[in-house]
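Nothing here was measured: the structure is a model prediction, and the numbers come from that model.
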Amino acid sequence: MWDRLAASDPGLLRLTAGLRTVAAIALTLAVLAALRVPVPQLVAGAMAAMVATFAIREKQRGPQAVTLALGLPVALASVSLGALLSHRVVAGDLFFVVLIFCAVYGRRFGDRGTALGLIGFQVYFLSLFVGATVSALPPLYGVICVAFGCSAAARFVLLPQTPAGTLDRLRRAFRARLAQLIATQAELLDAGPNEAEKLLEDLRTGTARLHETALMIQGRLEDGTSDPAVARLLQRRIADAEIAAERLGLLLLTARSARRTDTLTLHLPGAPLPSGGELPVRDEASAALHRDLQALRLLMLRPAGEASGTALAQVRNRLLGYREEENLPAASPAVQDVFRGLGEAARAALGLRVALDGPQDESDDTPATARSREELDAEDTAIEISEESEPEEPQPAGLQRPTTRAALQVAVGSSLAIVGGELLSSQRWYWAVLTCWIVFINTASTGEILVKGYRRLLGTVLGVVAGIGLAALVGHHTWTAFALVLLFIFAMFYTAPLSYTLMSFFVTAMLGLLYTLLNTYSLSVLVMRIEETALGAACGVIAAAVVLPIHTDRRTNDLLVAVLDRLADVTRGAVDQLSGGTGGDLVEEARELDQALADLRAATQPLTHPITPLRTRRNTARYVVALLETCAYHGRSLAATAELLPTHPAIAADPRLRGACGRIVHNIEAIAAHVTDPRSTAEIETGPSIASMLGPGTLRTPRYGRVTDRVLRHLQRLDEAVSGLARPLGVAGGPAQPRS
């Protein structure tokens with residue numbers, strides 16, 4: 001059960017965020033209840049504790065404490081201005097717009113600027129929500145101080161979280177997701193046609209979730225480790241394990257098919273299962289494959305302390321022996337490839353175990369296992385951290401700076417929301433402003449804002465329905481209502497990364513309870529919230545479309561070009577190293593490719609959303625992203641193989657690869673040029689297969705794993721996938737040009 005929890009919530013980040021916020025609020029309510037403050041101040045304390053907890057985003061405890069300390073005077077100043085301007089409508093509205101602009105503009109100063117801006121905005125909103133007045137300021141100051149103190153206690157005492165601890169939990173989550181993926185692969189072995197389609201979808205989902213966890217780990221290595229060399233080693237081992245598991249899935253799909261499967265099958269949603277047959281049912285090779293997949297799952301899942309013993313050492317030795325062509329069963333070449341893939345995955349598991357758990361007992365090693373350890377040790381020794389800092393890319397200035405543009409857009413949208421909200425309700429107008437503010441958070445294009453506004457409106461409508469029922473049930477039971485509020489707050493933070501609609505639902509249901517506590521609940525109030533939410537979302541979309549707009553097409557095109565540039569860098573660097581040159585920091589380049597692809601995937605959500613009316617465009621976007629995921633997989637694999645070159649006895653440099661790579665890089669650059677400028681005359685080149693370009697008999701090698709086997713297959717698939725990108729993007733093709 002713990003492994004399942006770790007896999008569903010990598011690093012327990014959502015669980016910790018929910019529990020910490022609930023703990024801060026509960027502690028605040030306990031202290032204020034002991035002081036016998038009235039219910040409106042209890043509500044103010046709960047809201048202040050919530051914002052003081054979730055606004056802090058730094059990973060290190062020292063910066064968190066500084067930001068929390070700076071946030072207290074910001075909160076006190078904000079609630080003071082809210083109370084002073086509460087009866088000066090024009091001045092209050094103008095100040096609110098200026099505050100919103102400054103809060104968004106502050107994001108350019110990093111996590112601290114973002115947190116202080118968020119605290120200033122939310123506490124001003126709090127003063128409007130509880131109807132703060134000048135006479136009520138002294139007790140409100142005390143309530144806010146108590147809330148910030150309880151937030152600090154929850155963060156640093158009750159539920160402390162360190163970067164190293166978070167990284168350790170993320171590594172457990174990676175292991176758990178890796179084991180789940182291997183379990184799905186085992187089920188796919190002899191699944192019937194009816195079961196296989198669902199399992200293939202589970203395979204795609206499991207692969208995507210594993211990749212998501214790997215990216216989360218890579219993003220926290222710098223803060224979670226004290227030594228850059230350790231961080232680089234962990235990054236390398238995580239990437240090796242991910243690639244080995246993904247490749248094993250492709251080999252299994254190939255073994256099910258009469259012909260070699262297209263690697264797109266693993267990434268394209270809705271792609272059919274490879275046809276042409278299934279693995280033989282429970283013959284000797286199939287039974288051994290089932291057994292060894294379960295053994296690999298155990299090796300991946302368990303740390304050294306939980307997976308020691310002679311039996312497991314023998315299992316590990318048997319799996320690693322497949323890398324050396326030992327004890328391969330009598331089966332088809334495709335099935336034997338699966339066993340070799342098992343050996344490579346076992347080597348990745350060994351490397352992961354050494355990197356995460358330290359030196360292992362080597363007394364039961366076979367010669368094959370000893371050679372694998374020697375290779376890993378040689379790789380570890382070869383890892384060097386470059387001291388040279390890469391030149392920073394020039395950042396946009398002036399109105400083109402993202403924070404400046406967003407601040408202007410939110411200010412204009414909020415002004416519209418204030419005017420429209422006042423017309424709807426002179427008492428609840430701030431809900432429209434809050435919605436306009438929220439739809440701009442973590443969005444960068446008009447399409448993203450439109451989708452986020454739709455999701456918030458849907459969640460609000462459903463939350464109003466729930467709030468009506470809960471208000472009737474709770475009545476005047478104050479502490480029952482507060483208990484439900486805490487439950488909804490936890491659910492809000494736990495579901496926020498998963499579903500914005502669900503989060504909005506829990507927020508609105510919680511607000512219905514807060515209105516009940518403030519004795520201001522009525523059906524008309526909740527209906528007014530729906531109207532104000534719709535108005536705020538509309539104002540946000542209008543502002544994004546009119547003020548310095550970034551249309552979805554422009555943003556996705558920019559991100560697509562960034563992915564293509566990173567793909568070209570990884571391919572060029574990997575092939576250069578495999579050809580005998582020096583390819584640079586390939587692991588870091590592969591990570592940048594993965595991050596660029598993740599940004600593109602997020603930006604295309606408005607195009608792929610189920611409600612989009614442009615079905616052809618949606619299918620094209622999904623197809624392009626799937627092809628890019630295929631390209632990224634082969635790019636990562638090439639980079640990982642190139643990194644092995646100095647230490648792996650089965651891989652030798654081949655200068656001919658540099659010429660074969662030229663066409664792939666040219667095609668990537670031609671597609672990027674066409675996306676940047678549709679009038680570009682650049683064309684992709686077509687021609688014979690990569691293997692045939694290197695001469696006859698290239699693939700007939702005596703040992704699995706040589707450059708002329710593994711690398712050529714990745715290059716061939718990458719060449720096919722890049723050529724496939726040209727068709728949906730409208731890039732013309734022509735015959736290949738001679739290359740040296």
**Message:** Go through it in stages, so that I can follow the logic: the residues are Y500 and T495, the test is side chain to side chain donor-acceptor pair (under 3.5 Å), and I'd like the CA-CA distance, side-chain angles, deciding distance and then a yes or no.
**Reply:** CA-CA 8 Å; Y500 188 71; T495 59; over 6 Å; no

**Request:** Run the numbers on R405 and Q409 for side chain to side chain contact (heavy atoms under 4.5 Å, CB included), then give the verdict.
**Result:** CA-CA 6 Å; R405 181 192 297 110; Q409 289 176 331; 3.9 Å; yes

**Asked** What's the verdict on side chain to side chain contact (heavy atoms under 4.5 Å, CB included) for E242 and L178, showing C-alpha distance, side-chain angles and the deciding distance?
**Response** CA-CA 8 Å; E242 181 193 357; L178 198 54; over 6 Å; no

**Message:** Go through it in stages, so that I can follow the logic: the residues are L72 and C145, the test is side chain to side chain contact (heavy atoms under 4.5 Å, CB included), and I'd like the CA-CA distance, side-chain angles, deciding distance and then a yes or no.
**Reply:** CA-CA 7 Å; L72 180 57; C145 290; 4.2 Å; yes

**Item:** Evaluation steps, salt bridge (charged side-chain N to carboxylate O under 4.0 Å, His left out), between D168 and R172
**Value:** CA-CA 6 Å; D168 184 65; R172 178 181 285 272; 5.7 Å; no

**Asked** Would E212 and R177 satisfy side chain to side chain contact (heavy atoms under 4.5 Å, CB included), going step by step from the backbone distance to the final call?
**Response** CA-CA 10 Å; E212 173 195 21; R177 286 190 167 182; 3.0 Å; yes

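Within the 4.5 Å cutoff, side-chain heavy atoms of F488 are placed close to those of L513. Side-chain contact between L210 and F174 is present, with heavy atoms from C-beta onward closer than 4.5 Å. At least one side-chain heavy atom of F125 sits under 4.5 Å from a side-chain heavy atom of W431. Side chains of W429 and D93 form a contact here, defined as non-hydrogen atoms less than 4.5 Å apart. Looking at heavy atoms from C-beta onward, L128 lies out of side-chain contact with S86 at the 4.5 angstrom threshold. Here the side chains of R529 and R428 are not in contact, with every heavy-atom distance at 4.5 Å or above. Proximity of R591 to Q235: side-chain heavy atoms (C-beta onward) are separated by under 4.5 Å at one or more points. With a 4.5 Å cut-off on side-chain heavy atoms, T166 and L13 count as touching.
Note on ring orientation: taking the six-membered ring where Trp is involved, the planes of F96 and Y124 are tilted (angle from 30° to 60°). A tilted orientation is assigned to the rings of F482 and W479, their planes being inclined by 30° to 60°.
Here the rule is ring pair (Phe, Tyr, Trp, His ring centres under 6.0 Å) with F121, and of Y430, W437, F101 only W437 fits it. None of L118, T67, T114, D111 except one satisfies the side-chain contact (heavy atoms from CB on, under 4.5 Å) rule with I56; the exception is T67.
Sorted by first and then second residue, the pairs that involve residues 8-30 and meet salt bridge (Lys or Arg N to Asp or Glu O under 4.0 Å), not counting sequence neighbours, are D9-R14.
Of all the heavy atoms in G463 and T508, the pair that sits closest is C-CG2, 3.6 Å. When every heavy atom of L170 is checked against every heavy atom of P10, the shortest pair comes out as CD2-C, 3.5 Å. Pairing each heavy atom of G413 with each of C539, the nearest pair is O-CB, 3.5 Å. Contact detail for L158 and A23: the closest heavy-atom pair is CD1-CB, 4.4 Å. The shortest heavy-atom contact between G453 and V439 is CA-CG1, 3.8 Å. Taking all atoms of both residues into account, the shortest heavy-atom contact from V130 to A44 is CG1-CB, 4.2 Å.
Side-chain N or O atoms of R61 include one that pairs as donor or acceptor with a backbone N or O of F156 at under 3.5 Å. The backbone N or O of Q180 lies less than 3.5 Å from a partner atom in the side chain of T184, making a donor-acceptor pair. When atom types are taken as modelled, the side chain of Q122 and the backbone of V51 share no donor-acceptor pair closer than 3.5 angstrom. Without hydrogens or angle criteria, K452 side chain to A537 main chain gives no donor-acceptor distance under 3.5 Å.
One distance of note links CG of L32 with CD1 of I25; it measures 12.0 Å at 0.5 Å rounding. The distance from the CD1 atom of I530 to the CG atom of L535 is 13.5 Å, given to the nearest 0.5 Å. The OG1 atom of T21 sits 7.0 Å away from atom CE of M492, with the distance rounded to the nearest 0.5 Å. Rounding to the nearest 0.5 Å places CG of L70 at 9.0 Å from CD1 of I119. Atoms OG and CD1, on S151 and I144 in that order, are 13.0 Å from each other to the nearest 0.5 Å. Once rounded to the nearest 0.5 Å, the distance linking CZ of R555 with CG of L600 reads 9.0 Å.
R155 and T53 are not linked by any side-chain donor-acceptor pair at a separation below 3.5 angstrom, with hydrogens and angles left out of the test. Side-chain contact of Y454 with T501: a donor-acceptor pair under 3.5 Å is absent, judged by distance alone. Looking only at atom types and distance, the side chain of R107 has no donor-acceptor partner in the side chain of T403 under 3.5 Å away. Under 3.5 Å, the side chains of T556 and T604 contain no donor-acceptor pair of N or O atoms.
For I542, the side-chain contact (heavy atoms from CB on, under 4.5 Å) partners two or more places apart in sequence, or in a different chain, are L416, V546. When the ring-ring contact (aromatic ring centres under 6.0 Å, His included) test is applied to F440, no partner is found at least two apart in sequence or on another chain.
A salt bridge links R204 with E201: the closest approach of a Lys/Arg side-chain nitrogen to an acidic carboxylate oxygen falls below 4.0 angstrom.
Shown here is Q60, whose CD atom has more than 12 heavy atoms of other residues, nucleotides or ligands within 6.0 Å.
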